[in-house]
Amino acid sequence: MSRSPFDFDVAVIGGGSAGYAAAAGTARQGLRTVVIEGGEEAGGLCILRGCMPSKALLYAAEILHLVRQAEVWGLRIEGTGFDFTRVMARKRELIGEFAEHRRRELNSGLFQFIRAKARFRDEHTLMLDSGENLSARNFVISTGSIIAPPPLPRLKEVGYLTSDDALSLQRLPQSMIVLGGGLVGVELAQFFVRFDVKVTLIQRGEHLLSGQDTDASRELEKVFRREGMTVFTGTRIEDAWLEGGLKGVSFAHGGQTVRVAAEEILFALGRIPNTGGLDLENAGVFTEKHRILTNTEMQTTAHHIYAAGDCTGPHEIVHIAVQQGEIAAHNIAHPQQMRSIDYRLLTSVVFTDPQIATVGLTEKEAVARSIPYIAASYPFSDHGKSLIMEAKDGFVKLLADPSS
């Protein structure tokens with residue numbers, strides 16, 4: 001049997017959820033696999049700075065909110081308050097356990113694990129920042145995402161928190177401006193307002209969560225304002241400034257310039273694929289606005305190179321990243337029996353209160369794609385369990401094919 005000209009059958013760049021799923025899949029198929037992780041910490045965005053830490057904090061905020069509303073159910077809870085240091089300590093403890101489990105998986109011996117930054121020298125060779133070169137027959141790129149750059153140069157001078165910073169705060173600011181009404185912005189904005197921070201949320205689009213149906217966005221805006229948050233939509237940020245120890249933002253709204261100031265600014269205008277330092281052009285891998293282009297088999301424009309997770313999208317959701325990694329692994333191991341990913345039953349949740357959960361197409365997407373549908377909805381304000389729980393905001397909505 002001739003010796004392979006490559007060091008490995010499969011090299012996976014990135015050890016997060018997508019990368020681990022891909023590497024475990026190929027290794028279990030008997031392929032010589034290596035994972036290269038160049039981040040400061042191993043574990044991936046979901047565990048370290050995404051789903052897990054944010055949900056730990058959001059659940060604490062939900063409990064605090066319910067305790068403060070206890071009299072609705074005839075309950076009297078004296079001396080309601082919180083210890084923010086302990087809230088963050090519990091979050092760190094939980095995340096430490098999740099991350100340690102992932103590190104054990106990466107170091108289990110199922111595949112080789114290398115801590116280094118990697119970039120492509122050519123279509124089959126990686127250069128590591130340790131000075132070594134490494135070759136593979138196939139690759140899976142799963143390098144995740146990074147915080148998007150701010151739209152205003154002045155914002156960098158003024159200073160701001162990223163979502164990474166917000167999830168690691170040791171002290172609560174008294175007031176905060178949240179820039180961005182996407183998933184990250186709305187979840188963190190509600191967390192902070194429920195922990196008694198005076199929050200002003202500024203959104204570019206006409207409604208929060210611009211990808212969601214307008215009826216859902218309006219429901220969330222109503223709740224946010226009721227909880228004491230100031231919400232501006234339909235804005236255009238113009239400037240940032242420092243004044244009297246406060247950080248300020250100026251923006252166009254309703255034909256006027258509005259100025260708001262706070263102790264901190266949270267920049268929550270999204271993330272971009274983390275593909276900048278990979279030298280993808282050396283491997284013939286094409287990108288569009290940093291995002292790696294793939295087909296439904298998760299192959300890039302260089303068909304022996306696959307991509308999975310936030311670096312390719314189109315949905316930044318961890319269970320999608322895992323599925324993409326698993327499909328890439330299957331297709332590398334079984335090139336004659338390729339599988340495709342199917343996003344039609346996409347499930348996503350925004351973990352605000354009320355939560356916004358969708359399965360499949362939204363009404364907005366159906367309209368945009370000229371897909372005929374009929375819709376029916378029913379408000380939670382007239383639903384028995386909702387009334388018992390005092391969870392009367394929101395509704396359930398069903399879309400159906402009119403012909404079937």
Self-check item: Shortest non-hydrogen separation from Cys311 to Ile141 and the atoms involved
Solution: SG-O, 3.4 Å

Quiz item: So do the side chains of His65 and Gln190 get within less than 4.5 Å of each other, counting heavy atoms only?
Solution: no

Practice problem: Using a cut-off of 6.0 Å, state whether more than 12 heavy atoms not belonging to Arg204 lie near its atom CZ. | Solution: no

Exercise. Test Tyr160 against Asp165 for side-chain contact (heavy atoms from CB on, under 4.5 Å), laying out the working first.
Key: CA-CA 9 Å; Tyr160 57 87; Asp165 301 323; 5.8 Å; no

Self-check item: Student check: side-chain heavy atoms of Val197 and Glu264 closer than 4.5 Å
Solution: no

Quiz item: Between the main-chain N or O of Ile341 and the side-chain N or O of Thr296, is there a donor-acceptor pair closer than 3.5 Å?
Solution: no

Quiz item: Within the side chain of Asp9, is there an N or O that forms a donor-acceptor pair under 3.5 Å with the backbone of Arg32?
Solution: yes

Quiz item: Passes side-chain hydrogen bond (donor to acceptor under 3.5 Å, both in side chains), Thr287 versus Thr275? Steps please.
Solution: CA-CA 9 Å; Thr287 62; Thr275 56; 5.6 Å; no

Quiz item: So which heavy atom on Leu167 is nearest to which on Gly50, and how close?
Solution: CD1-N, 4.4 Å

Self-check item: Polar side-chain atom of Trp73 near backbone of Ile388 as donor-acceptor pair, under 3.5 Å
Solution: yes

Quiz prompt | salt bridge (Lys or Arg N to Asp or Glu O under 4.0 Å), paired with Glu227, selected from Arg194, Arg68, Lys222 | solution = Arg194

Quiz item: If every non-hydrogen atom of Pro5 is compared with every non-hydrogen atom of Arg137, which pair is closest and at what distance?
Solution: CD-NH2, 4.4 Å

Exercise. Determine whether Lys91 and Glu93 make a side-chain contact, defined as any pair of heavy atoms from C-beta on separated by less than 4.5 Å.
Key: no

Self-check item: Electrostatic pair Arg171:Glu263 at N-O distance under 4.0 angstrom
Solution: yes

Self-check item: pair Leu106-Phe111: side-chain heavy atoms closer than 4.5 Å
Solution: yes

Quiz item: Between Thr301 and Phe286, is there a donor-acceptor pair closer than 3.5 Å when you use the side chain of the first and the backbone of the second?
Solution: yes

Exercise. Quick one: closest heavy-atom pair of Phe351 and Leu58, and the distance?
Key: O-CD1, 3.5 Å

Quiz item: Is a side-chain N or O of Ser142 found less than 3.5 angstrom from the main chain of Gly14, in a donor-acceptor match?
Solution: yes

Quiz prompt | Where Gly15 and Val35 come nearest, the two heavy atoms and their spacing | solution = CA-CG1, 3.9 Å

Practice problem: Drop me the distance from Leu269's CG to Ile202's CD1, to the nearest 0.5 angstrom. | Solution: 9.5 Å

Quiz item: So, Arg218 and Glu221, do they make that salt bridge, N to O below 4.0 Å?
Solution: no

Practice problem: Could you tell me whether the side chain of Asp122 and the main chain of Thr125 form a donor-acceptor pair under 3.5 Å? | Solution: yes

Quiz item: If you look only at pairs with a residue in residues 214-234, which of them pass as a ring-ring contact (aromatic ring centres under 6.0 Å, His included), with sequence neighbours excluded?
Solution: Phe232-Phe251, Phe232-His253

Quiz prompt | Polar side-chain atom of Thr312 near backbone of Gly309 as donor-acceptor pair, under 3.5 Å | solution = no

Quiz item: What do you reckon, is CG of Leu345 surrounded by more than 12 foreign heavy atoms closer than 6.0 Å?
Solution: no

Quiz prompt | salt_bridge(Glu187, Lys55) N-O dist < 4.0 Å | solution = yes

Self-check item: Heavy-atom neighbours of Arg104 CZ exceed 12 at 6.0 Å
Solution: yes

Quiz prompt | Within 6.0 Å of CZ in Arg344, more than 12 heavy atoms from elsewhere | solution = no

Quiz item: Hey, are the side chains of Leu280 and Thr300 touching, using non-hydrogen atoms and a 4.5 Å cut-off?
Solution: no

Exercise. State, yes or no, whether a side-chain contact exists between Leu75 and Val67 at a heavy-atom distance under 4.5 Å.
Key: no

Practice problem: Apply the test side-chain contact (heavy atoms from CB on, under 4.5 Å) to residues Asp393 and Asp353: give CA-CA distance (whole Å), side-chain angles for both, the deciding distance (0.1 Å), then the verdict. | Solution: CA-CA 9 Å; Asp393 299 302; Asp353 180 11; over 6 Å; no

Quiz item: CD1 of Ile177 to NZ of Lys198: how many Å apart, nearest 0.5 Å?
Solution: 10.5 Å

Quiz prompt | Where at least one partner belongs to residues 361-384, residue pairs that pass salt bridge (Lys or Arg N to Asp or Glu O under 4.0 Å), sequence neighbours excluded | solution = Glu363-Lys397

Exercise. Give a yes-or-no answer on whether the side chains of His101 and Glu105 include a donor-acceptor pair shorter than 3.5 Å.
Key: yes

Quiz item: Can you tell me if Ser135 uses its side chain to pair, donor with acceptor, with the backbone of Phe6 under 3.5 Å?
Solution: no

Quiz prompt | Asn274 side chain vs Thr143 backbone, donor-acceptor pair below 3.5 Å | solution = yes

Self-check item: Stepwise side-chain contact (heavy atoms from CB on, under 4.5 Å) test for His334 and Arg339
Solution: CA-CA 9 Å; His334 305 284; Arg339 291 178 182 168; over 6 Å; no

Quiz item: When rounded to the nearest 0.5 angstrom, what distance separates NE2 in His124 from CG in Asn138?
Solution: 8.0 Å

Self-check item: Other residues, nucleotides, ligands: >12 heavy atoms within 6.0 Å of His319 NE2
Solution: yes

Exercise. Please round to the nearest 0.5 Å and tell me the distance separating atom CG of Leu183 and atom OG of Ser348.
Key: 8.0 Å

Quiz item: If you look only at pairs with a residue in residues 269-297, which of them pass as a salt bridge (Lys or Arg N to Asp or Glu O under 4.0 Å), with sequence neighbours excluded?
Solution: Arg119-Asp279, Asp164-Arg271, Arg291-Glu316

Practice problem: Would you list the pairs meeting ring-ring contact (aromatic ring centres under 6.0 Å, His included) in which at least one residue belongs to residues 362-404, sequence neighbours left out? | Solution: none

Quiz item: Under the side-chain contact (heavy atoms from CB on, under 4.5 Å) criterion, do Ile320 and Leu346 qualify, and how do the steps go?
Solution: CA-CA 8 Å; Ile320 295 294; Leu346 173 71; 3.8 Å; yes

Practice problem: Check whether any side-chain heavy atom of Phe195 sits under 4.5 Å from a side-chain heavy atom of Leu57, and report yes or no. | Solution: no

Quiz item: Of all residues at least two apart in sequence or in a different chain, which pass the side chain to side chain contact (heavy atoms under 4.5 Å, CB included) check with Arg90?
Solution: Leu94

Self-check item: Arg154 CZ: over 12 foreign heavy atoms closer than 6.0 Å
Solution: yes

Practice problem: Not counting sequence neighbours, which residues clear ring-ring contact (aromatic ring centres under 6.0 Å, His included) with His315? List them please. | Solution: Tyr343

Practice problem: Look up atom OG in Ser145 and atom NE2 in His290, then write down how far apart they are to the nearest 0.5 Å. | Solution: 12.0 Å

Self-check item: Side chains of Met298 and Asn331 in contact at under 4.5 Å (non-hydrogen atoms)
Solution: no

Quiz item: Any side-chain donor-acceptor pair under 3.5 Å between Glu123 and His304?
Solution: no

Practice problem: To the nearest 0.5 angstrom, please state how far the CD atom of Glu326 sits from the OH atom of Tyr20. | Solution: 10.5 Å

Exercise. Please report the shortest heavy-atom distance between Asp7 and Leu134, naming the atom on each side.
Key: OD2-CA, 3.5 Å

Quiz item: For the side chain of Arg115 and the backbone of Gly39, is there at least one donor-acceptor N/O pair under 3.5 Å apart?
Solution: yes

